[in-house]
Amino acid sequence: MSTAFRWVAQARAGRARAGHLHTAHGVVPTPTFMPVGTVGTVKAMTMDAVRSTGAGIVLGNTYHLMLRPGAERVRAQGGLHRFMDWPGPILTDSGGFQVMSLGALRKLDQDGVTFNSHIDGSKHRLTPERSTDIQNALDATITMCFDECPALPAPTETIAQSMRLSMRWAARCREAFVPRPGYAQYGIIQGGTEPELRAESVRALTDIGFEGYAIGGLAVGEGQALMFATLDSTVPLIPQDHPRYLMGVGTPDDLLGAVERGVDMFDCVMPTRAGRTARAYTERGTLNLRNARHADDMRPISPHCDCLACSRHSRAYLHHLFRANEMLGPMLLTWHNIAYYQRLMRGIRAAIVEGTLDAHATWLRAQWAMDDW
Ligand SMILES: CNc1nc2cc3c(=O)[nH]c(N)nc3c(CC[C@H]3O[C@@H](OC)[C@H](OC)[C@@H]3OC)c2[nH]1
Ligand SMILES: [Zn+2]
């Protein structure tokens with residue numbers, strides 16, 4: 001039985017695909033939503049709770065983990081899987097995006113980025129090689145290329161220069177990557193919302209050759225229409241037999257539209273962040289559980305959900321917990337939101353396999369429009 005990292009197709013529905021991602025740490029059905037575990041924890045959830053939602057892959061982050069507790073310390077602890085007690089696949093981002101959005105002061109040059117830690121102001125440097133080495137120390141199942149994600153909108157020439165820098169960095173990342181059976185490195189496609197630049201980026205990355213390809217540089221304020229238009233022009237250029245990962249996306253409606261456009265993997269902080277701010281995702285849109293209208297509502301958040309919040313508690317109880325600022329509130333609601341995202345992806349995946357994706361998509365969109373409960 002081959003232990004090679006690979007994506008195996010199971011069914012297609014138009015450009016949408018269902019399949020299985022085979023990794024050194026297990027097989028994950030796609031399309032899949034990957035809970036964000038930035039600093040080695042899916043915030044407010046135990047790993048048993050994460051497992052109970054059906055999540056397959058969780059994320060870690062080079063930027064955060066190199067600053068605290070330190071990549072070498074995680075290596076000494078046996079890697080991120082042992083450290084956070086998650087035996088399944090872990091995908092780690094390369095840190096480039098976080099440096100741009102978190103590092104207080106930073107200096108970008110052709111060779112890498114120098115920045116001050118947002119934690120204690122200490123000085124650090126990330127290069128394609130260092131980022132790749134850190135992800136190796138973390139024992140990441142899927143390593144992401146070190147790239148530059150430009151803020152949008154930006155002049156075409158700026159986007160082009162930034163993309164070409166990321167492509168040079170991708171080649172250096174590939175050189176630094178230590179291949180192991182069942183492990184992968186993904187190239188990250190850049191190029192803003194310019195089809196020609198995106199096509200140039202795909203060519204550059206497929207010439208180097210990676211086990212998977214991410215669509216980066218989106219979900220940075222361009223809006224859903226431009227994001228979908230960019231997927232329409234970019235995704236068909238990615239080799240059919242490789243997994244496609246759309247970084248930082250998104251709402252349930254974003255996920256559905258991106259799956260319809262051929263994307264297999266997703267990550268987004270929305271369900272976990274919403275869980276900490278009393279916002280519940282449901283089949284009929286979102287609920288703000290701090291709202292007084294929930295104070296006496298004995299119904300579960302969702303009648304279709306088997307999470308701890310929905311199987312044992314009422315909206316009134318969640319409302320109370322958030323009003324009282326009790327930590328159990330974020331714990332239960334994050335669990336619920338991740339469970340909702342996993343249930344959503346399972347339903348979409350089943351529809352692709354059964355050949356009913358169009359009807360399922362219509363039904364989902366109609367339900368989301370209701371938000372009347
Ligand atoms: C929200 N919109 C959004 N657009 C993004 C675009 C890029 C990109 O072009 N390159 C890289 N390298 N990362 C990106 C990221 C960060 C995802 C990470 O951000 C972290 O979530 C906050 C998480 O880290 C555990 C996740 O790990 C993959 C994006 N996020
Ligand atoms: Zn629930």
Side-chain angles (χ1 to χ4, degrees), residues 7 12 14-17 31 93-97 99-101 108-113 128 131 143-175 177 184-250 253-268:
W7 178 79
R12 294 179 194 280
R15 286 185 278 159
R17 313 117 62 82
D93 199 9
S94 51
F97 185 86
V99 169
M100 302 307 162
S101 57
L108 172 75
D109 57 63
Q110 290 299 306
D111 180 58
V113 188
S131 170
T143 292
M144 299 306 293
C145 276
F146 185 68
D147 61 339
E148 211 249 323
C149 171
L152 292 183
T156 302
E157 193 45 32
T158 307
I159 299 286
Q161 294 308 321
S162 170
M163 179 270 289
R164 289 167 189 148
L165 175 63
S166 290
M167 297 305 101
R168 291 194 293 277
W169 285 359
R172 289 170 52 187
C173 288
R174 196 57 173 173
E175 277 300 304
F177 182 62
Q185 184 178 41
Y186 283 19
I188 303 178
I189 302 161
Q190 293 292 348
T193 56
E194 313 279 345
E196 301 75 36
L197 294 179
R198 286 278 172 181
E200 180 185 330
S201 182
V202 174
R203 280 195 303 277
L205 295 176
T206 49
D207 285 353
I208 298 167
F210 289 93
E211 286 73 42
Y213 297 93
I215 301 106
L218 292 177
V220 288
E222 74 283 354
Q224 188 186 70
L226 258 179
M227 176 171 76
F228 282 172
T230 305
L231 294 180
D232 286 335
S233 62
T234 305
V235 175
L237 306 176
I238 303 170
Q240 281 286 335
D241 59 349
H242 282 61
R244 298 85 175 266
Y245 163 27
L246 177 55
M247 304 189 84
V249 174
D253 188 51
D254 291 338
L255 295 181
L256 178 59
V259 168
E260 289 172 324
R261 290 168 172 81
V263 176
D264 307 306
M265 300 168 71
F266 300 88
D267 89 272
C268 187

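For clarity, every value in this text was computed on a predicted model and none was experimentally measured. Counting from 1, the numbers follow the sequence of the chain as shown.
Side-chain atoms of R198 come within 3.5 Å of backbone atoms of G192 as a donor-acceptor pair (strictly under, hydrogens ignored). In this structure, the side chain of Q185 engages the main chain of C173 through a donor-acceptor pair within 3.5 Å. Checking side-chain atoms of S131 against main-chain N and O of S94 turns up a donor-acceptor pair under 3.5 Å. Between the side chain of W7 and the main chain of Q240, no donor-acceptor pair closer than 3.5 Å is present. The backbone N or O of L231 lies less than 3.5 Å from no partner atom in the side chain of T234, so there is not a single donor-acceptor pair.
Minimum interatomic distance between A154 and I159 (heavy atoms only, all atoms of both residues): CB-CD1, 3.7 Å. Nearest heavy-atom pair across D264 and H242 is OD2-O, 4.0 Å. When all heavy atoms are compared, the tightest approach of A219 to G248 is CB-O, 3.6 Å. Taking each heavy atom of L246 and A258 in turn, the nearest pair found is CD2-CB, 3.8 Å. In terms of heavy-atom proximity, Q190 sits nearest to P150 at OE1-CD, 3.9 Å. Minimum interatomic distance between A170 and L205 (heavy atoms only, all atoms of both residues): CB-CD2, 3.6 Å.
With sequence neighbours excluded, no residue forms a side chain to side chain donor-acceptor pair (under 3.5 Å) with D207. Residues satisfying the ring pair (Phe, Tyr, Trp, His ring centres under 6.0 Å) criterion with F97, sequence neighbours excluded, are absent altogether. Shown here are the salt bridge (Lys or Arg N to Asp or Glu O under 4.0 Å) partners of E260, two or more places apart in sequence or in another chain: R365.
Two residues are said to be in side-chain contact when any heavy atoms from C-beta on lie closer than 4.5 Å; V249 and V263 fail this criterion. Side-chain contact between R244 and R17 is present, with at least one heavy-atom pair separated by less than 4.5 Å. Two residues are said to be in side-chain contact when any heavy atoms from C-beta on lie closer than 4.5 Å; L218 and M247 fail this criterion. Here the side chains of V113 and E148 are not in contact, with every heavy-atom distance at 4.5 Å or above. In this structure, the side chains of R164 and L197 come closer than 4.5 Å at one or more pairs of heavy atoms. For the pair I188/Y245, no side-chain contact is recorded, criterion being any heavy-atom separation below 4.5 Å from C-beta on.
For the residue pair T156/E194, the side-chain donor-acceptor check at 3.5 Å is satisfied.
Here CD1 of I215 is found 4.0 Å from CD1 of I238. Values are rounded to the nearest 0.5 Å. Expressed to the nearest 0.5 Å, how far OH of Y186 lies from CG of D93 amounts to 13.0 Å. Considering CD1 of I208 and CE of M167, their distance stands at 7.5 Å, rounded to 0.5 Å.
In this structure, E211 pairs ionically with R174, as a charged nitrogen and a carboxylate oxygen lie closer than 4.0 Å.
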